[in-house]
Amino acid sequence: MGIFSERKIVDYVICGLLGLVAVNFLHYGQFILPLICLILFIDNKFRFNFGDIRIFILLCLFGISFFAFSYKLGFYAVMGFCLPMGYYIGVNIKDPSQDNIKKVLYIIALGMCIHVILNGIYDMYMHINKVNFLSSNHYDFWTRDRMSSTATALNLDILIGMLYYIIRYEKNKVLKYSSIIGFAIAIAYCIFAGRRTPLLLIAICLFVSFVYEGFIKNILTEKQKKLFIGLFIAGVLVVLGVAVSYETDFLGCQAFFNKFYIIYKFRQGLLDNSRINAYISAVKLMPSHPWGCQEISGITGIQVHDLWVDIYDYAGVVSWGLMLVYTTYYFFMFIKVMKLKNVDDSIKVMLLTVFVCIVLQMFLEPVMTGSSIFAIICVIIGAIEERMITHEQ
C-alpha cells in the first residue's frame with residue numbers, strides 16, 4: 001500500500017505534487033494543494049475524510065476570517081485557505097505508519113531544501129560579475145526577482161529538525177547521504193546570505209536531542225554523552241576564537257571576516273533590537289486596533305515577524321483567536337503523541353526537534369505569508385493526528 005493511495009500511480013502523482021508544493025513550484029506551490037485534495041477525493045471514491053471534523057471546521061473558519069479581514073494583503077489574503085487543505089491531505093494518509101509519516105517528512109524537507117539550493121544557484125548567477133556576493137540582496141529562482149534571504153532560510157526548518165535523526169538513525173545510505181549533502185550545500189548558501197537563524201536552530205535542535213535522549217530517555221551511552229559535550233565545547237571555542245580574532249584583528253583577519261555578511265549580522269546580536277521594539281510596540285497597540293488591515297504595522301513602520309501578532313495585524317482579533325485555539329490544540333496533540341508507547345524513540349526525537357524548529361520560527365519570522373511552510377506544517381500535523389487516532393482504535 002502506498003502512502004496516500006492503494007494505486008501506485010496515484011500515490012506517485014500525489015507524492016510528486018506534494019514535492020512540488022515543498023519546492024514552491026513557480027512560486028505558486030500553494031495552488032497545488034487543491035489539486036491534491038481533488039485527487040484524494042476522487043481516489044477515495046468521492047468520499048471525504050476530514051479527520052477531526054472540529055479541527056477542519058476551525059481551519060476553514062480561519063481561512064474565511066483571514067480572507068475577509070486581510071484584503072490589503074492582496075494575493076496573500078487567500079493563504080488562510082491553504083491550512084484546511086494541508087490538514088485534509090495529512091489526515092488522508094492511507095497507512096499512517098511511522099515509516100510513512102517519515103516518508104512524508106522527507107518529501108517535504110528535501111523539496112524545501114531543493115528550493116534553497118535553486119535560489120543559491122540563481123543567486124550566484126546574478127552576482128557572478130559582482131565583487132560582493134555576500135550582501136543583503138538575494139534572488140528567488142522562480143520569480144527571478146529579489147527575495148528576502150529570510151524567506152529562503154525558512155525552507156530549511158524541517159530538514160534542520162530532521163538532521164539529528166538522519167545522522168543517527170537513518171539506515172538508507174542513499175537517503176542519508178543525499179540529505180546530508182543537500183543540507184550542507186543549502187546551509188552554506190544560507191551562511192553566505194547572512195542568515196543567523198538556521199545556525200541557531202541547528203545548535204538548539206542538537207541540544208534538545210541530547211537532553212531528550214541523554215537524560216529524559218537515558219538511551220545514550222556515556223561515550224556518546226561525552227562526544228556531545230565535546231562537540232558543544234568545540235563549537236563554543238570556535239565561536240569565541242572567531243570573535244576574539246575579529247575584535248583583536250589577529251593576523252589581520254578582520255578585513256577577511258568583513259567580507260562575510262553573516263559576521264555583520266552576528267555583530268548586531270542574536271536578535272535585532274528593532275524587532276524586539278516592534279514586538280513590544282505592536283502588543284501595546286493590539287487592544288486599540290482589533291480588526292487588522294495592517295494598522296499596527298502601519299503605525300510601527302515594521303512587521304512584527306511573529307506568527308500570532310502578524311495574524312492579528314493582518315486579519316484582526318477573530319483570526320488571531322482561531323489561530324490561538326489551533327496552536328493550543330496541536331501543542332496538546334503533540335504531547336499526547338510523544339507519550340504513545342508504540343512510537344519509536346527515534347521517531348519521537350525527530351518529531352520533537354522538527355516541532356521545536358517550527359515553533360521557534362513562528363516566533364521569529366512571518367511564516368503565514370513569507371513561505372508555504374505553514375500550510376505544509378498542517379500536512380504534518382494531520383498525518384501525526386491520523387497516526388494517533390489509529391493507535392487509539
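No experiment lies behind these values; they were computed from the predicted model shown.
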Could you tell me the separation between the [atom1] atom of [X] and the [atom2] atom of [Y], rounded to the nearest 0.5 Å?
X	Y	atom1	atom2	answer
Asn342	Ile347	CG	CD1	11.5 Å
Leu18	Ile376	CG	CD1	7.0 Å
Ile380	Ile358	CD1	CD1	5.0 Å
Tyr330	Cys378	OH	SG	8.5 Å
Leu175	Tyr106	CG	OH	4.5 Å
Asp157	Met112	CG	CE	7.0 Å

State, yes or no, whether a side-chain contact exists between [X] and [Y] at a heavy-atom distance under 4.5 Å.
X	Y	result
Asp344	Lys102	no
Asp11	Lys94	no
Leu118	Trp142	yes
Phe4	Val13	no
Cys190	Leu156	yes
Leu20	Leu17	yes
Leu351	Leu105	yes
Leu83	Met323	yes

[X] side-chain N/O to [Y] backbone N/O, donor-acceptor pair under 3.5 Å:
X	Y	value
Asp313	Ser297	yes
Ser319	Gly316	no
Tyr329	Ile55	no
Lys176	Ile166	yes

Would you check if there is a donor-acceptor pair between the side chains of [Y] and [X] at a distance under 3.5 Å?
X	Y	result
His115	Asp140	yes
Tyr212	Lys348	no
Tyr189	Asp123	yes
Asn44	Asn92	yes

Over all heavy atoms of both residues, which pair between [X] and [Y] is shortest? Give the atoms and the distance, please.
X	Y	result
Cys357	Gly161	SG-N, 3.9 Å
Asp310	Val304	OD1-N, 3.4 Å
Ile302	Ala278	CG2-CB, 3.2 Å
Leu220	Lys225	O-CE, 3.7 Å
Gly382	Val91	O-CG1, 3.5 Å
Asp52	Glu385	N-OE1, 3.5 Å

**Atom OH of Tyr122 with >12 non-hydrogen neighbours under 6.0 angstrom** =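 Enclosed: over 12 neighbouring heavy atoms sit under 6.0 Å from OH of Tyr122.
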
**Derivation and outcome, side chain to side chain contact (heavy atoms under 4.5 Å, CB included), residues Trp320 and Val309** = CA-CA 8 Å; Trp320 174 79; Val309 180; 5.8 Å; no

**Asked** For the residue pair Phe41 and Phe48, is the inter-centroid distance of their aromatic rings smaller than 6.0 Å?
**Response**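 Yes, the ring centres sit under 6.0 Å apart.
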
**Request:** Report the C-alpha separation of Asp345 and Val349 in whole Å, then their side-chain angles, then the decisive distance to 0.1 Å, and conclude whether the side chain to side chain contact (heavy atoms under 4.5 Å, CB included) test is met.
**Result:** CA-CA 6 Å; Asp345 285 326; Val349 73; over 6 Å; no

**Stepwise side chain to side chain contact (heavy atoms under 4.5 Å, CB included) check, Met350 with Tyr164** = CA-CA 7 Å; Met350 179 178 68; Tyr164 178 83; over 6 Å; no

Shared ILVMFWY cluster between [X] and [Y], side chains joined below 4.5 angstrom?
X	Y	result
Leu206	Leu237	yes
Ile53	Leu61	yes
Tyr169	Ile167	yes
Val208	Ile229	yes
Ile191	Ile117	no

**Prompt:** Which residue, Ile202, Leu163, Leu159, forms the side chain to side chain contact (heavy atoms under 4.5 Å, CB included) with Ile187?
**Reply:**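 Filter result, single survivor: Ile202.
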
**Request:** Scan Val21, Asn24, Val78 and name whichever one has a side chain to side chain contact (heavy atoms under 4.5 Å, CB included) with Gln30.
**Result:**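 Single pass found, and it is Asn24.
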
**Asked** Parallel under 30°, tilted from 30 to 60°, perpendicular over 60°: which one fits the rings of Phe50 and Phe56?
**Response**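 Rings of Phe50 and Phe56: tilted, as their planes differ by 30° to 60°.
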
**Asked** Should the ring pair Phe363 and Trp308 be called parallel, tilted or perpendicular, given that the plane angle runs from 0 to 90° and is split at 30 and 60?
**Response**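 The arrangement is tilted - the two ring planes meet at 30° to 60°.
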
**Asked** Leu40 and Asn49: side chain to side chain contact (heavy atoms under 4.5 Å, CB included), yes or no, with the steps?
**Response** CA-CA 9 Å; Leu40 285 170; Asn49 172 24; over 6 Å; no

**Item:** Working for ring pair (Phe, Tyr, Trp, His ring centres under 6.0 Å), residues Phe228 and Phe232
**Value:** CA-CA 6 Å; Phe228 264 99; Phe232 175 77; over 10 Å; no

